[in-house]
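Chain A is the first sequence line, chain B the second, and so forth, proteins listed ahead of strands; every chain is numbered from 1. FYI, side chains are in, hydrogens and waters are out, and symmetry mates aren't considered; it's all heavy atoms of this structure.
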Number of protein chains: 4
Amino acid sequence: MLEAVDDLLVDVGYAAMTMKGIAERAGVGRQTVYRWWATKAEILLEACAEDVREELVAPRVGEAREDLLGYLVVLDRFLVESPAGLAFRALLGEAQHDPAVRALVRDADLLALAARDVLVRVRPSAPAMPDLPLAAVQLIGPVVTQVLATGEGLPRDLLATHAATLLRAWQP
Amino acid sequence: MLEAVDDLLVDVGYAAMTMKGIAERAGVGRQTVYRWWATKAEILLEACAEDVREELVAPRVGEAREDLLGYLVVLDRFLVESPAGLAFRALLGEAQHDPAVRALVRDADLLALAARDVLVRVRPSAPAMPDLPLAAVQLIGPVVTQVLATGEGLPRDLLATHAATLLRAWQP
Amino acid sequence: MLEAVDDLLVDVGYAAMTMKGIAERAGVGRQTVYRWWATKAEILLEACAEDVREELVAPRVGEAREDLLGYLVVLDRFLVESPAGLAFRALLGEAQHDPAVRALVRDADLLALAARDVLVRVRPSAPAMPDLPLAAVQLIGPVVTQVLATGEGLPRDLLATHAATLLRAWQP
Amino acid sequence: MLEAVDDLLVDVGYAAMTMKGIAERAGVGRQTVYRWWATKAEILLEACAEDVREELVAPRVGEAREDLLGYLVVLDRFLVESPAGLAFRALLGEAQHDPAVRALVRDADLLALAARDVLVRVRPSAPAMPDLPLAAVQLIGPVVTQVLATGEGLPRDLLATHAATLLRAWQP
DNA sequence: CGCTAATCGAGACGGTACGTCAAGTCTTATT
DNA sequence: AATAAGACTTGACGTACCGTCTCGATTAGCG
């Protein structure tokens, strides 16, 4: 059923994705969909949550600059290309329209989760790094904003510059 | 008519805002709305574009750190509290669902516009600042991402930390 | 639902009868109306078809002149007074504007049906009666034309004269 | 302007004929149309009234049977083929929907007018002919009914039979 | 092993917004 | 002053999707 959601998202886009369509694509009665998820947003969240945890992992290089860059690249590709990334953006979009979805997204906190890992690894080399919540948005914010506003990511060299910028700022 | 849009956005939210509702609130025929704007997104864009230019201006302090912080505070308040900010977020949200809206938002480029001013003013004190497109998302990305993901802004001290972080990183 | 159509036709007239109105009067969704009838004409046809078969029956007197007159009186009253008759006239009217309705009306052939019965019964007393299609319009045409053109029927004595005229003409 | 109405009726049919369309076709402002005719029906009536008087004239043969048949043939062709005939049928159709149009049509009394001439000429050969109003509908009713109900007229031999039938009936 | 009961797909239902169309009124600029 | 052009409010059109609600058919567990 979640596959049906993923398929539909890629095939017809979020705007044209309907509960009726999901049910039909999954070969399932409409009532059955409603039995498990109250809203389209909940289905989307579940449909992408696991994928996020699988796809959004930075390669563990061991060197701070490479670790950050690696994560940024993965994040950029995820948001721009991955179906799960599309789902996530759709969700974030819906959150701007609907407070219930906003709560859902905030609680899931998908993006920060992955950033946390890499930041913890990098912290020893960046003693002046602020607390995690701020550091996380400093790291990912530029990429997220760029993708949401333009639909395209940042080129790799800008990502590298961004990683370098942060590392320099986080030195004492 | 654009007032009706603003009012409705505040009163009922984006999700419940309909072309029908806009027309009725404005005391206008539905056809008349369609005559001037093809989509809800175009109305929203026009409804908030001017407000953005009015509201989203950093106080000109003259000192780099204060300039950046001033802008960040204004941006944060704009996104969280201003009706025009709500409209902008709704628009950015719709852009995730609909490529046509994405193009609209990208072309309007509302956020970067204001950031550009403050960055140009600050540049002399921050010689290592990257080119504007990247610098702009480095500046505003964290705030934008935080607001979109949680609906709430960053507290003032974190904004200050962020400004300081960037300034330090942009030193040679 | 067909009752709602009949009611509306009598209450507001054909011109002011809308699909929306029918749905509301019947306490039914608009889509439900469209699910069963593609056009207003189809609803009308169904709304009056059965009534026609019930109302448009000549009393079986047994005497040729009385049989014809009886039928003419019934037809005249049906067209002028009965809700089903109004529906039929509305339908015939719409048929002049819309070829699809014309086909519908032609195929239903509601008027001739009833006339056929009485003509078959009368034929033994009227050996020179032409073939049924012509005889039928000779019988009913004057009444139909009169009602359509004026909205009022023919007085009983003229109907009697007409019956007598036809019977005389159909003698060898 | 009336030409525009005639043209439109033939080109797009009554159902698709709009006031806007008439005005544009005539190269005239919409308000100007409304200044002279309050309703579509009034325009139609005026557009066909004169044509009726020109087209709906029986050839004056001098022999009763031929006179009647001639008129029936002309009437049949008029109703089935002539643009003015189409307009007249559209008008008669609208009259079933709208009492105002019904009054208009009744007062114009277009059909009977022509029938009256021929009946007056034939009366000397048909002493038992009823009063004009009935005789007129006896003559034209079958043709009118046939055309309205099926869109097609009666073949010439049936028209001849009908004329003969009436003449026989109208003998003493 | 047969019967009840739950669950399922399918899809009809009452609603409501969509974007379009024509109605009839009004304003404006031209002639 | 009368016109064409066309913007205006209104309201029906037919469509799409919503979330709820029946339906039989299919299982599944229990007697």
- Message: For a quick test of reading the model, state the closest non-hydrogen atom pair linking Leu104(B) to Glu42(B) and the distance between them.
- Response: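 Closest approach of Leu104(B) to Glu42(B), heavy atoms only: CD2-CG, 3.7 Å.
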- Item | Short side-chain N/O contact from Trp36(D) to OP1 or OP2 of dA2(F), under 4.0 Å |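 So the side chain of Trp36(D) is outside the cut-off, no N or O lying under 4.0 Å from OP1 or OP2 of dA2(F).
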- Is there a side-chain polar atom (N or O) of Thr32(D) under 4.0 Å from OP1 or OP2 of dA4(F)?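 True: Thr32(D) side-chain N/O within range (under 4.0 Å) of dA4(F) OP1/OP2.
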- Query: What nucleotide, of dC18(E), dA12(E), dG14(E), holds the atom closest to the side chain of Val28(C)?
  - Reply: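 The closest nucleotide is dG14(E).
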- Query: Considering only dC8(E), dG14(F), dC13(E), which nucleotide approaches the side chain of Arg35(C) most closely?
  - Reply: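 From the listed options, dC13(E) comes nearest.
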- Item | Pairwise 5' ranking along DNA chain F for Ala26(B) and Ala16(A), keeping only the more 5' one |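 Its nearest nucleotide lies further toward 5', so the answer is Ala26(B).
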- Could you check whether Gly21(A) gets within reach of a base, just the sugar-phosphate, or nothing at all, counting any heavy atom under 4.0 Å?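 Nothing, no heavy atom under 4.0 Å.
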So, [X] side chain and [Y] main chain: donor-acceptor pair closer than 3.5 Å or not?
X: Arg30(C); Y: Ala23(C); value: no
X: His97(B); Y: Ala90(A); value: yes
X: Thr150(C); Y: Gln146(C); value: yes
X: Gln96(D); Y: Leu148(C); value: yes

- Whether over 12 other heavy atoms sit under 6.0 Å from Glu81(A) CD: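 Yes, CD of Glu81(A) has more than 12 neighbouring heavy atoms, counting only those of other groups under 6.0 Å.
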What is the distance, to the nearest angstrom, from the [atom1] atom on [X] to the [atom2] atom on [N]?
X: Met19(B); N: dT20(E); atom1: CE; atom2: C1'; result: 13 Å
X: Glu24(C); N: dC13(E); atom1: CD; atom2: P; result: 17 Å
X: Ile22(B); N: dG19(E); atom1: CD1; atom2: P; result: 10 Å
X: Arg25(C); N: dG14(E); atom1: CZ; atom2: P; result: 16 Å
X: Tyr34(B); N: dC8(F); atom1: OH; atom2: P; result: 15 Å
X: Lys20(D); N: dT25(E); atom1: NZ; atom2: P; result: 17 Å

- Message: Let's see if you get this right: which residues in residues 37-48 of chain C place a heavy atom under 4.0 Å from DNA chain E?
- Response: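 Under 4.0 Å from DNA chain E: no residue of residues 37-48 of chain C.
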- Query: Which residues, if any, of residues 97-105 of chain D bring a heavy atom under 4.0 Å of DNA chain E?
  - Reply: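 Residues of residues 97-105 of chain D that come under 4.0 Å of DNA chain E do not exist, since none gets that close.
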- Ion pair present between Arg106(C) and Glu152(D), side-chain N to carboxylate O less than 4.0 angstrom?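 Yes, charged N to carboxylate O under 4.0 Å.
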Report yes if some heavy atom in the side chain of [X] is under 4.5 Å from a heavy atom in the side chain of [Y]; otherwise report no.
X: Leu110(A); Y: Leu45(A); value: yes
X: Glu94(D); Y: Tyr14(D); value: yes
X: Phe78(B); Y: Val52(B); value: yes

- From CG (Leu92(C)) to CZ (Arg102(C)), nearest 0.5 Å: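 One gets 10.5 Å once the value is rounded to the nearest 0.5 Å.
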- Task: Measure the CE-CH2 distance between Met19(A) and Trp37(A) for me, rounded to the nearest 0.5 Å.
- Result: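 If we round to the nearest 0.5 Å, Met19(A):CE and Trp37(A):CH2 are 9.0 Å apart.
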- Item | Contact state string [nucleotides 26-31 of chain E, B base, S sugar-phosphate only, - no protein heavy atom under 4.0 Å] | B-----
